[in-house]
Protein chains: 2
Amino acid sequence: MALKYALLGLLTKNEATGYELNQQFKETMIHFWSAHHTQIYRQLVKMEEEGLVSSQVVHQVDYPDKKVYRLEDKGYEMLLQWLFSKEILPSTLKDDLLLRVSLFQLIPADEAIAFLERAKEQHMFGLGLMEKWRDSHFPEGEFNQEDLGEYLTSEFGQRYMQHWIEWCDWAIQVIKRTKEKGSDVK
Amino acid sequence: MALKYALLGLLTKNEATGYELNQQFKETMIHFWSAHHTQIYRQLVKMEEEGLVSSQVVHQVDYPDKKVYRLEDKGYEMLLQWLFSKEILPSTLKDDLLLRVSLFQLIPADEAIAFLERAKEQHMFGLGLMEKWRDSHFPEGEFNQEDLGEYLTSEFGQRYMQHWIEWCDWAIQVIKRTKEKGSDVK
DNA sequence: CTGTACATGTAACGCGTTACATGATTGG
DNA sequence: CCAATCATGTAACGCGTTACATGTACAG
């Protein structure tokens, strides 16, 4: 159900095509969400059937026609209701990389360390992108009231990346220490 | 595909019933994964068809019969192949709570603060559970080589909770500050 | 007498992922 | 000439969630 609210939320800022909504997902929601364009198109069709959004086809000369979606009152009401009423459940992770980490006892220590070092690089790269994004959107940490949500979640994303990187360093040290102790561990 | 590997991974430790695998998910994989028992039963049937695991029905007198699954060589090989070969992609979050945070500009500041305070409590509760679990499984931070993966991922889970809690404190302060400045923000 | 744990599932539906399809314009 | 970008989708399949179904034993 949450993709629906994500799309309604984006449409509170501007009317947009499915394509543009997909771009916005990749750009701003990367901090805490992801969605494929196929999901977005599917969801938009459903939401129009339910009367939450409406669409208008815009003819273009040099480009293919596009379909612009606009938020309807019913959609806005549903969004606000969700924002106020839904209960708060602790968030759960679901992470492929950590699943592999949880089985590190099955592979050699060197493999495990190499894995963590590559994972660290990936997250450092991600952090770099987020920092750049924040600098261009909120220079000097300044933000407008209408961007409050984005400001808060982008900080979350950045801290999450830092947490990952720090944990990688910690985990690498742990494995190196158990390696030194050698076979007398266990 | 990942649930398959999670189950194969658990079965490297011991043979188990679907019920027990579900318990183990809730207990140890809570740090980075979740799965419903219905998924687990469905996946086990498929894995048996593929010859990755085998099962044996054990009759019981006072309880219903149970079906014990055991890892087969083919399953173990597939698991190791996955552990070694699959490329490393940066992890992506998907979090309902953050989706709501990203729309905080649509609700009053007091509501937003109340939301964050409840979210903080939830994560403090989660942290407490994880700390208890770690103390009982790894007293004094000691662990056996065969538990390396669990040791590393449970640290990740704990740090993740701490990161959440710290971010909540930060976000609450940000909102309080914009509230003070009042209408001259924007 | 009620709820919880044990133990295993089916059915229905919705979300997530991958592959495929089409076809124009612009930049290197 | 090739790749990328703009723009919109269908189809197939697998994963995730919720509701329902069945029946016993034990603790409070």
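Here the structure is a predicted model, which is why all the values come from computation and not from measurement. Values below: every heavy atom of this structure, side chains too, minus hydrogens, waters and symmetry copies. Chain letters run A, B, ... following the sequence lines, proteins first and then strands; every chain starts at 1.
The side chain of T17(A) has dT8(D) as its nearest neighbour among dG9(C), dG16(C), dT8(D). When each of dG14(C), dG16(D), dG9(D) is scored by its nearest atom to the side-chain atoms of M1(A), the top-ranked nucleotide is dG14(C).
When rounded to the nearest whole Å, the span between CG of N22(A) and C1' of dA7(D) equals 11 Å. Taking atom CG on L44(B) and atom P on dA7(C), their separation rounds to 15 Å, with Å as the unit. Separating the CE atom of M29(B) from the P atom of dG16(D) is a distance of 13 Å, rounded to the nearest angstrom. Between the P atom of dC15(D) and the CG atom of L3(A) lies a distance of 20 Å, rounded to the nearest Å. Summarising the geometry, the separation between CG on L7(B) and C1' on dC15(D) is reported as 13 Å, rounded to the nearest angstrom. In this structure, CE of M47(A) is placed 15 Å from P of dG14(C), rounded to the nearest angstrom. For the pair H37(B) NE2 and dC15(D) P, the computed distance is 17 Å after rounding to whole Å. Distance CZ (F25(B)) to P (dT17(D)): 12 Å, rounded to an integer number of Å.
Residue Q39(B) places none of its side-chain N or O atoms closer than 4.0 Å to OP1 or OP2 of dC15(D). At the phosphate of dC15(C), OP1 or OP2 sits under 4.0 Å from a side-chain N or O atom of K46(A). Considering only side-chain N and O atoms, Y19(B) lies nowhere under 4.0 angstrom from the phosphate OP1 or OP2 of dT8(C). For the pair H36(A) and dG16(C), the criterion of a side-chain N or O lying under 4.0 Å from OP1 or OP2 is not met. Side-chain nitrogen and oxygen atoms of Y41(A) include at least one within less than 4.0 Å of the OP1 or OP2 phosphate oxygen of dT8(D).
Between F32(A) and F156(A), the ring center distance fails the sub-6.0 Å criterion. Checked against the 6.0 Å centroid threshold, W167(B) and H163(B) do not count as a close aromatic pair.
Contacts of K4(A) with the nucleic acid, taken as non-hydrogen atoms under 4.0 Å apart, are absent. T38(B) comes within 4.0 angstrom of a base, heavy atoms only.
Residue whose closest nucleotide on DNA chain C sits further toward the 5' end, between Q43(A) and E20(B): E20(B).
Note on ring orientation: taking the six-membered ring where Trp is involved, the planes of H123(B) and W164(B) are parallel (angle under 30°, cut-offs 30° and 60°).
For dG14(D), the base has no donor-acceptor partner in the side chain of R42(B) [N/O atoms by modelled type, under 3.5 angstrom].
The cationic group of R100(A) does not satisfy the cation-pi geometry with F84(B), failing either the under 6.0 Å distance to the six-membered ring centre or the 45° limit from the ring axis.
When all heavy atoms of T153(B) and H31(B) are compared, the pair lying nearest together is O-CB, 3.6 Å.
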